[in-house]
Amino acid sequence: MSRILRRIAVTALFFLTINPVLAAADASEESENPIDVIGKVQDHHYLDVAGYHLYLPRILFVEGSAIPYVYGSTESAVTSGNFEELPDHSLVSTMGNDIVLDMSITSHLMYFWFGIILTLWITIAMARKYKKGTGRETEPSGWFQNLFEITFVFIRDDIARTNISENKYKKFVPYLFAVFVSITFMNLFGLLPWGVTATADITVTGILAAFTFFITQWNGSKDHWEHVFWFPGVPGWLRIILTPIEILGLFTKPFALAVRLFANMLSGKIMIICILGLIFIFAEYFNPAFGLGSSVLVVPLTVALYVLKAFVGVLQAYIFTLLSAVFIGMASDEHQHEEGQIEAHA
Amino acid sequence: MTLIFAEAASGGGGAILNFNSGFAVWVAITLIIFLAVMGKYAVPLIMGALSEREERIKDSLESAEKALAKAEEISNENEKALREAEVKAQKIRKEALDDAEVLRTEKIEQAKKDASKIIEDARNTIEQEKKQALMELRSEVAELAVQSASMIIHSELDEKKNKKLVDSFINDLPKMN
């Protein structure tokens, strides 16, 4: 009985998967390009669920009004008469006022929330388990708690403790752990079918890096600021060059952090879509049989890229967390001796 | 390339390199709430539990080591006490043996003394008996001499013959004794 049910489920899933491919094929006939690479990675006002579009609410602040216009979808915004859609799909107010802030819920935001909610859920569930005594009075039970603990202890010991001074690192473990786990989830969600990589959006990585930036600067020690504005141990005239560089350096670090994560996740996604898209491009420009034949080469290549991307997803989350810890550690460190000061800036 | 980016603008959410400020507000608000919850409720609980467990494991390892050291100490003490007791027992036995030896020699001495005393007494008694016997003999001899003299006087008053008689009598004395 269960086997029959399983077979039905598998078949249903198979047809659901086929459907968007057919839909995409229909769409590509209208469009000039056989495959829309950028359209796959950019933000949308709908959630792609098994090939169907689930439209997300639009929240628009318009000039001259403190109350936002809220609509269930772009379509209802247009039918309300207050907004009209331009050919490039952006909305403008029919009253001629500019849209000040577009706080619409987008697909990237949804996947950002998914990552955050999953992290929160897992962490709180684990915290409850620890509170009850499993893991605190006894050994951790089950593979999940063990996996969780490995991750947690790794963040605490190998990322926080090794980079931030012994008396301060505990304060930053929640941030580093939250960032690591949620970025990992966001990266990996992009690998799911119809999934969207929230971290392949410069807005998300920019805000994440901004958080690291603010945490770093708020916890900057006296030594840190002294190094930025009045580099000790160098001739006076050199400070004219060094101080601007140091101030610039404050901002380049988080900027690099944001761009690194964004570019890695975006490039991986684009690469997979491009290589898989080769099948459709070949089918369009030569003939369908050629496209089908190329899949013999293309699909294994995509599988390899998928594995690589899964690895890169975790790796980039690790790099983001590690560098955040390094920046925080550098800024919050109180130097004890002269060699340490020079070393830290070497 | 231009085609791709023209397509990008038509997607709805803006081009991929755009920083969307409305979206950023959402992300920032979410992150603040997320980090607040994580930092206040979730992570410290886990950190506390983990450090508590680590502390307990460390403590129990230390106490086990201490207990082991103590047990070793106790066993050492026991062994020492046993050895001391053995030495003491040996000593006591030796002392007892020595005492016994002293007692024995004393007894032997005493016995020897007693024996010599008995012998001495016996000798003295013999000596006295002998002296008494001699005295008795003398008085007997004297009596005999007087008897014989009276006999001689009675029988013949011949000087020469008397003298010869007395001499032969005296010469015979030891033989009679």
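As the structure is a computational prediction, the values presented were derived from the model and not from experiment. Letters A, B, ... mirror the listed sequences (proteins, then strands); counts begin at 1.
The residue among B/V25, B/I33, B/L50 with the most heavy atom pairs within less than 4.5 Å of chain A is B/L50. The most heavy-atom pairs under 4.5 Å with chain B, out of A/Y175, A/F152, A/F177, come from A/F152.
Expressed to the nearest 0.5 Å, how far CZ of B/F23 lies from CG of A/D201 amounts to 4.5 Å. Here the OG-CE distance, from B/S21 to A/M103, works out to 10.0 Å after rounding to the nearest 0.5 Å. To the nearest 0.5 Å, the span separating CG on B/L35 from CD1 on A/I215 amounts to 6.5 Å.
Between B/G39 and A/P174, the shortest heavy-atom contact is CA-CB, 3.7 Å. When all heavy atoms of A/I124 and B/A42 are compared, the pair lying nearest together is CG1-CB, 4.1 Å.
Side-chain contact between A/T119 and B/M38 is present, with at least one heavy-atom pair separated by less than 4.5 Å. Looking at A/P140 and B/R53, their side chains come closer than 4.5 Å, going by heavy atoms from C-beta outward. Considering only heavy atoms from C-beta on, A/T123 stays 4.5 Å or farther from B/V37 through its side chain. A heavy-atom distance below 4.5 Å is not found between the side chains of B/L45 and A/M126. At least one side-chain heavy atom of B/I46 sits less than 4.5 Å from a side-chain heavy atom of A/Y130.
Looking at B/I57, there are no atoms closer than 4.5 Å to chain A (heavy atoms on both sides), in backbone or side chain. For chain B, the nearby parts of A/L208 are the backbone and the side chain; heavy atoms of each come within less than 4.5 Å. Of the atoms belonging to A/S107, not a single heavy atom falls under 4.5 Å from chain B. When heavy atoms are compared at a cutoff of 4.5 Å, A/K170 approaches chain B by way of both its backbone and its side chain. In this structure, chain B has a heavy atom under 4.5 Å from the side chain of A/F148, while its backbone stays farther away. Using a 4.5 Å cut-off between heavy atoms, A/I59 contacts chain B through its side chain alone, with no backbone atom that close.
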- Working for side chain to side chain contact (heavy atoms under 4.5 Å, CB included), residues B/V27 and A/F112: CA-CA 8 Å; B/V27 173; A/F112 178 75; 3.5 Å; yes

- Run the numbers on A/I116 and B/L31 for side chain to side chain contact (heavy atoms under 4.5 Å, CB included), then give the verdict. CA-CA 8 Å; A/I116 295 250; B/L31 263 182; 4.2 Å; yes

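For A/E166, the CD atom sits in a packed shell: over 12 heavy atoms of surrounding residues, nucleotides or ligands are nearer than 6.0 Å. Heavy-atom neighbours of A/F255 CZ from other residues, nucleotides or ligands within 6.0 Å: at or below the threshold of 12. Counting non-hydrogen atoms of neighbouring residues, nucleotides and ligands closer than 6.0 angstrom, the CZ atom of B/R56 exceeds 12 such neighbours. Crowding of A/K171 atom NZ: a count of heavy atoms from other residues, nucleotides or ligands under 6.0 Å not exceeding 12. Within a 6.0 Å sphere centred on CD of B/E65, other residues, nucleotides and ligands contribute 12 heavy atoms or fewer.
Taking the six-membered ring where the residue is Trp, B/W26 and A/W113 present perpendicular rings, their angle passing 60° and hence far from 30°.
A salt bridge does not link A/K131 with B/E52: every distance from a Lys NZ or Arg NE/NH1/NH2 to an Asp or Glu carboxylate oxygen is 4.0 Å or more.
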